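Remember, it's 1-based here, ligands and their atoms both numbered in the order they're listed. On a predicted model such as this, the values are computed, not experimentally measured, just so you know. Scope of the values below: all heavy atoms of this structure, side chains included, with no hydrogens, waters or symmetry mates.
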Amino acid sequence: MKTFTLKSELKSYLNGIRKDKIVSFIPTMGSLHEGHFSLLQKAKESSDIVICSIFVNPTQFNNSSDLEKYPRTTEIDITRLTEKKCTILYLPEASDLYQENEQAKQFYFDGLDNFMEGERREGHFNGVATIVEKLFNIINPEKAFFGEKDLQQLQIIKYITQKLQFPIEIIGVATKREESGLAMSSRNKLLSEKNLQKATLIYQTLQFIEENSRNFTLLELKKFAIERFNNQIDLNLEYLEIVSLDKLQPISEFRNKNENAACIAASISSVRLIDNIIF
Ligand code: PAF
């Protein structure tokens, strides 16, 4: 695996090798886990060159303690990416991507950011879109891979890719789960065994919604699902929304199969977890 810390060097290297090759890109913030490696695997299956980036993007954190706390395991990440035969790693410093004091660009997301993460994490998606646009401009991949766990991020990236006319295919990859059902996430590293166990209620509740979506009205089911969180103290439900998959707007009646998504954000000992199910 070749590692670059400067975009100028990465770009000139890519110019030299990419002729007639399919380049896939996986942007990450590091602290890599099996979820990331499943994106890598998917990318390898359909391309000649796979580029991963590791960059903890400051403009997408609206809370400085969340940014500081974000787990960083760069040495281990490099070893694992080498083992998994990633072709290129881009590992920049902030100064390679941002001017001093540069803020996130303001984007229009056609309402995809109105609810859930967009409603609660002010400026978050502008920060994500800012860095993704910069990375796409540096790498110009044919394909880019994102996890479905961050469903709102995935839909927003699909939207801006089209709006900004990047000729890039955005591929969403199914969420990787622990045996307990808990969605794999870099933030899981911040949880004790006991809290990892308690956090399994998130996916259990999502499954409960999927399994019962023909037995109750949507509003009844949402109420029952929320009640499951009221019965215990450590896991704080931030939101539980049932939305249309395409526009991510709350719905009052279920749509056709695979056009609905239930999404949860909950925190446990101040670690914020999100997950969703498409059904
Ligand atoms: O999903 C993430 O890890 C980040 O939001 C991303 C897409 C790498 C942008 O910083």
Side-chain angles (χ1 to χ4, degrees), residues 7 10 24-40 42-43 50-64 66-74 76-77 80-81 86 88-98 102-105 107 109 112-113 116-118 120-139 141 143-161 164 166 168-176 183-190 248 263 265 271-276:
K7 60 173 182 270
L10 171 60
S24 281
F25 176 45
I26 304 165
T28 83
M29 299 207 297
S31 193
L32 304 178
H33 51 70
E34 289 305 320
H36 295 110
F37 300 133
S38 71
L39 305 189
L40 181 65
K42 281 263 179 304
V50 180
I51 307 179
C52 278
S53 63
I54 297 181
F55 178 64
V56 182
N57 172 37
T59 62
Q60 71 188 74
F61 289 83
N62 49 352
N63 172 332
S64 57
D66 198 22
L67 171 60
E68 273 159 37
K69 254 184 9 198
Y70 199 84
R72 290 163 173 87
T73 57
T74 312
I76 304 171
D77 292 348
R80 303 287 316 272
L81 286 174
C86 171
I88 295 172
L89 169 63
Y90 176 44
L91 185 64
E93 295 287 337
S95 57
D96 202 42
L97 290 165
Y98 286 104
E102 185 180 339
Q103 307 292 314
K105 194 173 134 181
F107 288 82
F109 298 124
L112 286 165
D113 59 333
M116 305 188 291
E117 297 303 290
R120 283 158 182 93
R121 301 180 70 190
E122 210 195 323
H124 170 67
F125 287 121
N126 281 319
V128 171
T130 299
I131 194 67
V132 169
E133 183 183 9
K134 284 177 189 280
L135 293 167
F136 280 2
N137 275 323
I138 295 168
I139 292 166
K143 304 177 188 195
F145 292 74
F146 294 84
E148 278 180 358
K149 185 176 85 70
D150 295 301
L151 183 63
Q152 204 169 7
Q153 167 172 286
L154 172 64
Q155 301 297 55
I156 282 177
I157 288 169
K158 282 186 180 162
Y159 177 76
I160 60 155
T161 301
L164 299 173
F166 281 112
I168 302 173
E169 185 187 354
I170 304 297
I171 299 168
V173 179
T175 304
K176 265 271 187 204
M184 289 190 184
S185 160
S186 304
R187 291 170 196 260
N188 293 355
K189 294 191 176 125
L190 304 170
L248 300 181
C263 305
V271 178
R272 196 168 179 280
L273 303 171
I274 61 170
D275 198 358
N276 65 77

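- The protein heavy-atom contact nearest to atom 3 (O) of ligand 1 is Met29 CG, 3.6 Å.
- Sparse packing is recorded around NZ of Lys176, with 12 or fewer heavy atoms of other residues, nucleotides or ligands lying under 6.0 Å away.
- The CD1 atom of Ile171 sits 6.5 Å away from the OG atom of Ser24 when rounded to the nearest 0.5 Å.
- Between Thr28 and ligand 1, not a single N/O pair is under 3.5 Å apart.
- Looking at residues two or more places apart in sequence or on another chain, you find a side chain to side chain donor-acceptor pair (under 3.5 Å) between Asn57 and Thr59, Gln60, Tyr98.
- Numbered from 1 in the order shown, with element, the atoms of ligand 1 that lie under 4.0 Å from a heavy atom of Pro27 read 8 (C).
- Closest to atom 2 (C) of ligand 1 among all protein heavy atoms lies Gln153 NE2, 3.8 Å.
- Looking at atom 9 (C) of ligand 1, its nearest protein heavy atom turns out to be Gln60 OE1, 3.3 Å.
- Formation of a donor-acceptor pair under 3.5 Å by the Asn126 side chain with backbone atoms of Ala104 is not found in this model.
- Heavy-atom contacts of Ile131 reach the following atoms of ligand 1: 9 (C), 10 (O) (cutoff under 4.0 Å).
- Using a 30° and 60° split on the angle between ring planes, His33 and His36 fall in the tilted class, from 30° to 60°.
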